[in-house]
Amino acid sequence: MTTGRDVAERAGTSTAVVSYVFNNGPRNVSPATRERVLKAAAELNYRPNALARALSAGTTLSVGLIVPDIANPFFGELARALEEAATARGRLLLIADSAGSEQQEMQQISSFIERRVDGIVLVSVSDDPQLGIVAEARIPIVALHPLDLDQPASSLTIDYDHAAEEATTHLISHGYESIGLLNGPTDSAGSRQHAAGYTRAILRSPGVESSERRSETSRADAARVALQWLAEADRPRAIYVATDEQAFGVLYAAAELGLRVPHDVAVVGFDGTAHSKYAVPPLSTVRQPIDDLAARAIEVLIEATDSHVHETLPHRFLVRRSCGFHTDVVEAPTA
């Protein structure tokens, strides 16, 4: 591997001067010497050690992302948006999949700390992740979900509570007299907010029956639960589902049971993944502002201070045919 010393010998100068050329300082280099160094570097196919340069400046120009399941389309879209945002700010995104394991998540956090990343974007599997080691390492971290304000981390999210209420209210407006909630598997902050918004909408509408089920946030497990639920005599006429992935499982179960969506059962999802538009029928869903979340997360990490930020970004409710609306798509922005 060609080194700075090789370039210095070819250019007839010192290694310090080579360093000044490629780091733009701290000392000035005459145009003639600079040209001689760059010519020697090109002839030797020399590439400066970017990591060493970054470390000397107190940064690795890298950001870590930890998600529970990279195979979930929502997290895939999130990773792509973060990659674009990080690249635009001169950072490399490193991705880790915790596979839904708290232990693996903690190991990945430790690994990112050892690699001295400049910051971490976290979608935790825990309602109360142990982030003390990140604070001790003085590495900024941003959670992209509701987070206890006592945590040593920033958080960016949408108002799950309001979004759930909005989606459920929309189903009620269709005149459905029984509406179910298919929530996530754990009593997390997000799951509680889904339940709170759903319940508030139901309580405002006397005569509307409610029922709730839980499943893993996967198509397969949601389909398993929905196959049993929708086969019951008193199955719900409509279902609000906590994620698009689970909603796809509900659509599959309905088709397997010969039920038409939305004629026999209406469905609304949550996340607004690109896949939702191409479901059969197209899935009504709450759209998370993935690009805005990603751009803001990278900004918060790069411009981190000793204080943490906790921000709620606006969502959109995308009304499509799965809920009973008979136009292809109506995008309803929310405050």
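All of these numbers come straight from a predicted model, not from anything done at the bench. Counting from 1, the numbers follow the sequence of the chain as shown.
Between T243 and F270 there is no side-chain heavy-atom pair separated by less than 4.5 Å. No side-chain heavy atom of H315 sits less than 4.5 Å from a side-chain heavy atom of R287. Using a 4.5 Å heavy-atom threshold, the side chains of I66 and I109 count as touching. In this structure, the side chains of L283 and V268 stay at 4.5 Å or more apart for every pair of heavy atoms. Q246 has its side chain within reach of T217: a pair of non-hydrogen atoms, C-beta onward, lies under 4.5 Å apart. Looking at H275 and D244, their side chains never come closer than 4.5 Å, going by heavy atoms from C-beta outward. You'll find the side chain of F248 stays beyond 4.5 Å of the side chain of V280, heavy atoms only. When side chains are defined from C-beta on, L181 does not count as touching V241, because their heavy atoms never get closer than 4.5 Å.
No path of Ile, Leu, Val, Met, Phe, Trp and Tyr side chains, each step under 4.5 Å between heavy atoms, connects I139 with V63, placing them in separate hydrophobic clusters. Side-chain heavy atoms closer than 4.5 Å link hydrophobic residues (I, L, V, M, F, W, Y) into clusters, and following such links, possibly through other members, connects V123 to L301. Transitive grouping of hydrophobic side chains (ILVMFWY, heavy atoms separated by less than 4.5 Å) brings L230 and V261 into a common cluster. Follow the hydrophobic side-chain contacts under 4.5 Å out from V125 and you never reach V121; the two are in separate clusters. Residues F112 and M106 share a hydrophobic cluster, clusters being chains of Ile/Leu/Val/Met/Phe/Trp/Tyr side chains in contact below 4.5 Å.
For A223, the side chain to side chain contact (heavy atoms under 4.5 Å, CB included) test picks out Y252, with sequence neighbours left out. The side chain to side chain contact (heavy atoms under 4.5 Å, CB included) check on I70 picks up V67, A79, I95, D97, with sequence neighbours excluded. Considering only residues two or more places apart in sequence or on other chains, D264 meets the salt bridge (charged side-chain N to carboxylate O under 4.0 Å, His left out) condition with R260. Scored by the side chain to side chain contact (heavy atoms under 4.5 Å, CB included) test, D292 finds P289, L313 as partners (sequence neighbours excluded). In this structure, the salt bridge (charged side-chain N to carboxylate O under 4.0 Å, His left out) partners of E165, at least two apart in sequence or on a different chain, are R200, R204. R34 is linked by a salt bridge (charged side-chain N to carboxylate O under 4.0 Å, His left out) to nothing, counting only residues two or more places apart in sequence or in another chain. Under the salt bridge (charged side-chain N to carboxylate O under 4.0 Å, His left out) criterion, E311 pairs with R296, not counting sequence neighbours. Residues satisfying the side chain to side chain contact (heavy atoms under 4.5 Å, CB included) test with E177, not counting sequence neighbours, are none. A search for ring pair (Phe, Tyr, Trp, His ring centres under 6.0 Å) contacts involving Y240 returns H194, not counting sequence neighbours. Considering only residues two or more places apart in sequence or on other chains, H174 meets the ring pair (Phe, Tyr, Trp, His ring centres under 6.0 Å) condition with H170, Y176.
Here side chain to side chain donor-acceptor pair (under 3.5 Å) pairs that include residues 71-86, with residues two or more places apart or in two chains, are E83-T87. Residue pairs satisfying the salt bridge (Lys or Arg N to Asp or Glu O under 4.0 Å) criterion with at least one member in residues 5-23, sequence neighbours excluded, are listed as follows: R10-E43.
How far OG1 of T3 is from OH of Y46: 7.5 Å, rounded to the nearest 0.5 Å. Distance CG/L257 to CZ/R235: 8.5 Å, rounded to 0.5 Å. Rounded to the nearest 0.5 angstrom, I239 CD1 and Y198 OH are separated by 9.5 Å. For the atom pair OG1 of T157 and CG of L147, the computed distance is 9.5 Å after rounding to the nearest 0.5 Å. We find the CD-CD distance between E105 and Q107 to be 11.0 Å, quoted to the nearest 0.5 Å. Rounding to the nearest 0.5 Å places CG of L318 at 6.5 Å from OG of S276.
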Hey, mind stepping through W229 and L227 against side-chain contact (heavy atoms from CB on, under 4.5 Å) and telling me if it holds? CA-CA 6 Å; W229 197 9; L227 282 168; over 6 Å; no
Given the rule in the side-chain contact (heavy atoms from CB on, under 4.5 Å) test, do V29 and V37 qualify, once you have shown the distances and angles that lead to the verdict? CA-CA 10 Å; V29 177; V37 169; 5.8 Å; no
Is there a side-chain contact (heavy atoms from CB on, under 4.5 Å) between V286 and E166 once you walk through the steps? CA-CA 9 Å; V286 173; E166 180 182 6; 5.8 Å; no
Can S124 and S126 be said to form a side-chain hydrogen bond (donor to acceptor under 3.5 Å, both in side chains), step by step? CA-CA 5 Å; S124 179; S126 170; 4.7 Å; no
Start with the C-alpha distance between D118 and R91, add both sets of side-chain angles, then the distance that settles side-chain contact (heavy atoms from CB on, under 4.5 Å), and finish with yes or no. CA-CA 9 Å; D118 295 337; R91 265 64 177 181; 3.9 Å; yes
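Taking all atoms of both residues into account, the shortest heavy-atom contact from P68 to S98 is CA-OG, 3.3 Å. Contact between A294 and A85 at its shortest, heavy atoms only, is O-CB, 3.9 Å. The two atoms that bring T285 and F317 nearest to each other are O-CD1, 3.5 Å, heavy atoms only. Between C323 and A266, the closest heavy-atom pair is O-CB, 3.7 Å. Summarising the geometry of Q228 relative to E232, their closest heavy-atom pair is O-CG, 3.3 Å, with the distance given to 0.1 Å. I141 approaches L131 most closely through the heavy-atom pair CD1-CD2, 3.9 Å.
Formation of a donor-acceptor pair under 3.5 Å by the S154 side chain with backbone atoms of H308 is not found in this model. Judged by distance alone, with hydrogens and angles left aside, the side-chain atoms of R214 form a donor-acceptor pair with the main-chain N or O of G184 at under 3.5 Å. In terms of modelled atom types and a separation under 3.5 Å, the side chain of S178 and the main chain of R237 share a donor-acceptor contact. At least one donor-acceptor pair closer than 3.5 Å links the side chain of Q151 to the backbone N or O of P129.
Within 6.0 Å of atom CD in Q103, 12 or fewer heavy atoms from other residues, nucleotides or ligands are found, so the atom counts as exposed in its surroundings. The number of heavy-atom neighbours closer than 6.0 Å to CG of D234, taken from other residues, nucleotides and ligands shown, is above 12. Sparse packing is recorded around CD of E35, with 12 or fewer heavy atoms of other residues, nucleotides or ligands lying under 6.0 Å away.
With hydrogens and angles left out, the side-chain atoms of S30 and T33 include a donor and acceptor closer than 3.5 Å. A donor-acceptor contact closer than 3.5 angstrom is absent between the side chains of S284 and R321.
Among the candidates P236, S211, S215, the single residue satisfying the side-chain contact (heavy atoms from CB on, under 4.5 Å) test with L182 is S215.
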